[in-house]
Amino acid sequence: MKTIDLKEAYLKFFESKGHKIIPSAPIIPENDPTCLFNTAGMQPLVPYLKGEPHPQGKRLTDVQKCFRTNDLDSIGDTTHHTFFEMLGNWSLGDYFKQESITWSFEFLTKQLNIPIEKLAVTVFKGNKIVPADTESVDIWKSLGVNENKIAFLGEENNWWPNMELLGPCGPDTEIFYWRKESQVPEKFDPEDENWVEIWNNVFMQYNHEEGDKFTPLKNKNVDTGLGVERVTAILEGYTDNYKSSIWKDVIEKIEEISGLSYDDEKYARSMRIIADHIRAIVMISGDEAGIKPSNTDQGYILRRLIRRMIRYAKKLNIDISSNWEQDLAILIINNLKEIKMKY
Ligand code: SER
C-alpha cells in the first residue's frame, strides 16, 4: 500500500465511523505563541479538547503535519523523524475507550491486514490520579489480544504528553508492532526495540494546571496518533523507515552524489540525518508562515538544521558547492506536494 493510499484508507475508515475529515493545520501554530511547532495532531485542537464546541462536531479525523525537535539526538536511527505526518482521530466528549480501541484494532487488522500476532499493547498501570486501566485491558482481550502481549506501564510511558507539561492530558494505551522477520516472541517486552510503537490512543480527561493540579476536563476525550512513516515502512515490509517508498529516491540521490552506499553501516546514519533534515527544511520553509533562517525561534531551528545537514554532507565528502541540496529538495517537494493539494 502506498503512503497516499494509507492516508486515504485511514480517513475513509474514520469517516465511515462518523468522523468529519478536517485539514491539517500548518506546522507553525497559528494562534499559540507558546509553541514553535505543531508537534502532534491534537495541538491545534487544544481549545476543543478543553470544551469549546468544534464547528465540525464531536468526531474528527485528519493527517497532521508534525515537527519535533525534542528528540533531535534520535534522528539518524531508523524510526524517528524531525518532520512527520500523523494520522489522527478524535472524540470530543463523544465515544471513549471501547470504540477507540475497537476501531484502532479493526483498522490495523482488517484494513491494513496486519496479523494480530505481530501486535502488542501497553496500558496505564495507575497513579495518584487514576487507577490501573483494566478497562482497556478487558477491551484488548475481548478483541483477541493475548494477555502475554499486554504490558502495564507507568507515567513515564503511558501518560500523554507527560506529567510536567500543562494542558489537556491523560492515560493512554499504545500499540506496538514486531518489525523483525524472526519469530514474534511469546511475551511482549516493551524494552525490546524491535517492538516499534505505531499508535497512541490517549484518554484525555484532565487539564494539568499550574501548582500540579489535574482538573477533570469538561469532556472525556479521545486523542489518537498513528505515524505515517512507520506504518508505511511496515506495510512495505521494511524494518528501516528510510528504505520505504517515502525516502527511497532521496537515499538513492544521496548515494549518487556522495558515491557511497547506504548499505555500508559507516555511512547510513549520516545519510539518514541528511534525508531527515532536508525534508524538515523543505517543510518549514514551505509552511504558510514563510520561515527564513534566522537567530530566533523557528528561524533558528531552520538554521540549525541546515548547518547540521551540511556538516553531515561534508562527512560524506559531498561537494557542497554543487546543487546537491536543490536536487534533494526537488525530490522531497515532488513526494510531498500531494499533502499541500489534498490535506
Ligand atoms: N497526542 C498523542 C501523541 O502525539 C496521540 O496523538 O502521541
Side-chain angles (χ1 to χ4, degrees), residues 6-7 10-11 13-14 17 19 21-25 27 29 32 34-50 54 58-71 74 79-97 99-101 103-105 107-108 120-124 133 136 153-177 190 195-208 214 217 219-231 241 343:
L6 167 65
K7 294 183 213 174
Y10 185 90
L11 295 176
F13 178 79
F14 281 100
K17 308 287 185 197
H19 293 65
I21 302 173
I22 57 169
S24 170
I27 300 172
D32 187 355
T34 63
C35 293
L36 292 183
F37 302 107
N38 278 319
T39 56
M42 56 70 72
Q43 215 168 308
L45 298 174
V46 166
Y48 311 107
L49 291 162
K50 285 187 169 172
H54 191 284
K58 294 181 173 179
R59 297 183 182 193
L60 307 173
T61 183
D62 76 9
V63 187
Q64 174 62 40
K65 293 174 278 187
C66 298
F67 204 90
R68 289 189 185 172
T69 51
N70 57 334
D71 40 27
S74 304
T79 55
H80 286 87
H81 307 293
T82 310
F83 167 80
F84 61 97
E85 291 183 277
M86 188 186 281
L87 299 162
N89 61 280
W90 291 272
S91 158
L92 303 171
D94 189 0
Y95 61 85
F96 205 46
K97 295 183 183 180
E99 292 87 340
S100 171
I101 293 176
W103 291 339
S104 292
F105 184 77
F107 183 71
L108 293 174
V121 299
T122 58
V123 293
F124 188 49
D133 190 3
S136 292
L153 295 180
E155 289 171 349
E156 55 297 341
N157 295 294
N158 283 68
W159 188 277
W160 206 89
N162 55 45
M163 297 304 281
E164 280 80 49
L165 282 176
L166 301 180
C169 60
D172 62 40
T173 178
E174 298 186 351
I175 307 174
F176 289 73
Y177 173 83
W195 286 107
V196 187
E197 185 209 328
I198 52 172
W199 205 338
N200 186 8
N201 292 30
V202 186
F203 306 117
M204 225 160 225
Q205 307 153 70
Y206 296 95
N207 191 33
H208 185 197
F214 288 83
L217 286 167
N219 294 318
K220 284 178 156 185
N221 307 300
V222 173
D223 153 43
T224 90
L226 176 69
V228 168
E229 289 74 6
R230 288 186 185 180
V231 177
N241 290 5
Y343 309 115

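Heavy-atom basis, side chains included; hydrogens, waters and symmetry copies ignored. As the structure lists them, so they are numbered: ligands from 1, and atoms in each ligand from 1.
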- Item | Which of the ligand 1 atoms, numbered from 1, are nearer than 4.0 Å to a heavy atom of D223 | 1 (N), 2 (C), 5 (C), 6 (O)
- Message: At less than 4.0 angstrom from any non-hydrogen atom of W160, what atoms of ligand 1 do you find?
- Response: 1 (N), 2 (C), 3 (C), 4 (O), 7 (O)
- Flag side-chain contact, heavy atom, 4.5 Å: F83 against F37: no
- Task: Report yes or no: does R68 have a heavy atom closer than 4.0 Å to ligand 1?
- Result: yes
- Under 4.0 Å to a heavy atom of M86 - the qualifying atoms of ligand 1, by number: 4 (O), 6 (O)
- Message: With heavy-atom distances below 4.0 Å as the criterion, list the atoms of ligand 1 near N200.
- Response: 2 (C), 3 (C), 5 (C), 7 (O)
- Message: With respect to A40, determine whether any N or O atom, backbone or side chain, lies less than 3.5 Å from an N or O atom of ligand 1.
- Response: no
- Give a yes or no answer on whether the side chain of N221 reaches the backbone of L49 with a donor-acceptor pair at less than 3.5 Å. yes
- Task: Go through ligand 1 atom by atom and flag the ones less than 4.0 Å from a non-hydrogen atom of M42.
- Result: 1 (N)
- Item | With W103, the ring-ring contact (aromatic ring centres under 6.0 Å, His included) member among F13, W199, Y95, F96 | Y95
- Atoms of ligand 1 close to T224 [distance to a heavy atom under 4.0 angstrom, numbered from 1]: 5 (C), 6 (O)
- Just do the side chain to side chain donor-acceptor pair (under 3.5 Å) check on T173 and N201 with the steps written out, would you? CA-CA 5 Å; T173 178; N201 292 30; over 6 Å; no
- Task: Decide, yes or no, whether a salt bridge links E99 with K17 under the criterion of side-chain N to carboxylate O below 4.0 Å.
- Result: no
- Pairwise distance CD1(I198) to CG(L108) - rounded to 0.5 angstrom: 5.0 Å
